[in-house]
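Notes for the one structure printed next.
Per chain, numbering begins at 1; letters A, B, ... match sequence-line order. These numbers come from the heavy atoms of this one structure, side chains and all, not from hydrogens, waters or symmetry mates.
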Amino acid sequence: MSKKKEAEFVQHITPRSEDFSQWYTDVILQTGLVDYAPVRGCMVIKPYGYAIWEMIQKEMDQRFKATGHENVYMPMLIPESLLLKEAEHVEGFAPEVAWVTQGGNEPLQERLAIRPTSETMFCTMYAKWVQSWRDLPMKYNQWCSVMRWEKSTRPFLRTSEFLWQEGHTIHETEEEAQEETLQMLEVYREVAESVLALPVYVGQKSEKEKFAGARATYSMEAMMQDGKALQAGTSHNFGTNFSEPFGIQFLSREGKLEYAKETSWGTSTRLIGAIIMTHGDERGLRLPPNVAPIQVVVLPIAQHKEGVLEGAKAVADQLAAKDIRVKFDDRDTVSAGFKFNDWELKGVPLRVEVGPRDLENGQAVVARRDTFEKITLPIDGLANALAALLAEIQQTMFLQAQAFRDAHTAVVSGYDELKAAVNGGFAKGMWCGDTACEEKLKADLNATTRNMPFDQTPTGDTCVICGKKADKVMYFAKAY
RNA sequence: CGAGGUGUAGCGCAGUUUGGUAGCGCGUUUGGUUCGGGACCAAAAGGUCGCAGGUUCAAAUCCUGUCACCUCGACCA
């Protein structure tokens, strides 16, 4: 397709290469994922966007259950006194908490925080529920929304209110808690890579970047197409940092009173932002088949002609019977060309065209969203062929994203190289562990440490920031 | 919080410099022709120009105040 012709088709979306930020806004609004709400910093998630969230929820939730977790629901309001119990936690969250100060017409005795996260609520309840080592572990998760009064917001990436899940567990031993922390990080990585087709770097956060109140924080970091990092999920080991102030004690096997060891882990609707910014292109959204609410759209072509609607519907039914998520688009108010562009914008992985000529020949035209490749396949057995094709698209999209990330990740040995690398990508290099170096990095380059990979094979022996002796392998990047 | 910008039809915008009948595109409605890559023709509906005050014969336009939103910065477990 010529440049000129392509430009005509996509005039509604700002070119990604020209202004990535505006491209993102155009895509999320025009695909109907979200709309802005009449509340500061809040978004309305529309049906198509919510359907993606439901897919993510389903995939995550079944893995949580498979690893022995149960869902619960905690109140949205947290008394101030509870929030104040863990010092670091309070300090970290205080600036962004929204408060309820009045009930009906009466001012409240104690103001109530709208939860920014629920550690304090879970801890309070765990303290009540746990008596003995026999009660452990307790492994609960909740799906809910939280509120953080962020200064600047972007739909899906950072909003005042957002949907997420937060897992909170308590254990007998340090080892068990650490095992849980890493297990859930692995669940996140697996969902990100196999379902969302997001290649991620997993590893441990620095002291400066870790969660307020955690002993250790681990994250998965995804790379967006502008080269910036997006923290796509976190898992924390709290040790006894919360269980001590909250008094979560149990009688051990040896008959001694001990504090429970605690973890928490979370992912949010930010994952949808990650999918958009990792896979989207000039035509709009591209959804990996495993997370696409609609995997195949079937379009009757020249549908006013006799037999076309019925023939195309039969194709859609065949696919649905094979558990393919299919949409039969028989709108007669818009042209076929409009539909092509519409579904490409919405990122549906496969389009099947069924016209009079196709029906005559017992075939259908199949177009891939990921590569724009068009092929003709027999209608007989189409469901099996498309199931295989969807799996291939899933794989292709992951490999594309991985190739992009790898091409934009540079191993660096000094500050100049670091500076060049974080301008549009990730840098991997040695770090001395000093917070002062992180502050300098932030001040000079507006970049941060992302995480330390588990494979700590040294890439050098001096800090890429200060030049002193260093023994930590770190990923650096500018981040959302 | 600092700097800049924008508020005009459902959406996107022009009109403001130089005051003089409220405009355009998309969408919507009705009818017809189309239909294998964003169809066309004809007709129609749709407005407290963010809000308040001031100047003027006359304000979307000038002045003062105010509110909201956006971008960048700062901030961001």
Answer for the Watson-Crick or wobble partner of B/U18, both distances under 3.5 Å, is none
Smallest separation among heavy atoms of A/M397 and A/P289, with atom names: SD-CD, 4.3 Å
Please give, in whole Å, the distance from B/G38 C1' to A/D342 CG? 9 Å
Nearest-angstrom distance, C1' atom, B/G47 to B/A22: 8 Å
Classify the angle between the aromatic ring planes of A/F211 and A/F238 as parallel (below 30°), tilted (30 to 60°) or perpendicular (above 60°). tilted
Atom NZ of A/K478 and atom C1' of B/G73 are separated, to the nearest Å, by 14 Å
Counting the atoms with a prime plus P, OP1 and OP2 as sugar-phosphate, which does A/Q231 contact under 4.0 Å by heavy atoms, base, sugar-phosphate, or nothing? base
A/F338 has an atom CZ; how far is it from atom C1' of B/A39, in whole Å? 12 Å
Does a salt bridge link A/K440 with A/E438, judged by any charged N lying under 4.0 Å from a carboxylate O? no
Nearest-Å distance for atom pair CG/P, residues A/D35 and B/G10: 15 Å
Counting Watson-Crick and G-U wobble pairs only, both distances under 3.5 Å, name the nucleotide matched with B/A58, or none. none
Between atom NE2 in A/H304 and atom P in B/U33, what is the gap in whole Å? 12 Å
Have a look at A/V348 and tell me which of A/I294, A/D329, A/V326 forms a side chain to side chain contact (heavy atoms under 4.5 Å, CB included) with it. A/I294
Tell me what A/K442 touches on the nucleic acid: a base, only sugar-phosphate, or nothing, going by heavy atoms under 4.0 Å. base
Same-atom distance (P) from B/C51 to B/G7, integer angstrom: 13 Å
Base, sugar-phosphate alone, or nothing: which one does A/K374 contact when heavy atoms must sit under 4.0 Å apart? base
Assign A/D358 to base, sugar-phosphate, or nothing according to its heavy-atom contacts below 4.0 angstrom with the strands shown. base
Determine whether the aromatic ring centres of A/F426 and A/F476 lie less than 6.0 Å apart. no
Could you check how far CG of A/D332 sits from C1' of B/U33, rounded to whole Å? 15 Å
Is it true that a side-chain atom of A/R283 and a backbone atom of A/N341 form a donor plus acceptor pair closer than 3.5 Å? no
Distance in angstrom units between A/Y480 OH and B/C75 P, rounded: 18 Å
Expressed in whole Å, how much space separates the P atoms belonging to B/A52 and B/A68? 16 Å
Measure from CG on A/D26 to P on B/G12 and round the result to the nearest Å. 12 Å
Determine the minimum heavy-atom distance between A/L309 and A/F328, stating which atoms define it. O-CZ, 3.7 Å
Gap in Å between the two P atoms, one belonging to B/G12 and one to B/U30, rounded: 25 Å
In the strands shown, is B/G12 matched to any nucleotide by a Watson-Crick or G-U wobble pair with both distances under 3.5 Å, and which? B/C24
Suppose you measure atom C1' in B/A9 against the same atom in B/A44; what distance do you get, rounded to whole Å? 15 Å
Counting Watson-Crick and G-U wobble pairs only, both distances under 3.5 Å, name the nucleotide matched with B/A68, or none. B/U6
Please work out if A/R351 contacts a base, only the sugar-phosphate, or nothing of the nucleic acid, heavy-atom cut-off 4.0 Å. base
Can you tell me the pairing partner of B/C49 across any strand shown, Watson-Crick or G-U wobble, with both distances under 3.5 angstrom? none
Measuring only the C1' atom in each nucleotide, how far is B/U56 from B/C72? A whole number of Å is fine. 40 Å
By nearest nucleotide on RNA chain B, pick out whichever of A/P356 and A/P95 is the more 5' one. A/P356
Could you tell me whether A/P116 contacts a base, only the sugar-phosphate backbone, or nothing, with contacts defined as non-hydrogen atoms closer than 4.0 Å? nothing
B/U21 and B/C49, which share atom name C1', separated by this distance in whole Å: 15 Å
Would a line drawn from the ring center of A/H168 to the ring center of A/Y126 be shorter than 6.0 Å? no
Between B/C67 and B/C26 - P atom distance, rounded Å: 38 Å
Using a cut-off of 4.0 Å on non-hydrogen atoms, how would the nucleic acid contact of A/K210 be classed: base, sugar-phosphate, or nothing? sugar-phosphate
Please classify the nucleic acid contact of A/E353 as base, sugar-phosphate, or nothing, using heavy-atom distances under 4.0 Å. base
Indicate, with a heavy-atom threshold strictly under 4.0 Å, whether A/T117 touches base, sugar-phosphate, or nothing. nothing
Quick one: label A/E91 by what it contacts on the DNA or RNA (base, sugar-phosphate, nothing), any heavy atom closer than 4.0 Å. nothing
Compare the minimum distances between each of B/G37, B/G36, B/U71 and the side chain of A/R154, then state the nucleotide with the smallest one. B/U71
Have a look at A/V365 and say if it touches a base, only the backbone sugar-phosphate, or nothing, with a 4.0 Å heavy-atom cut-off. base
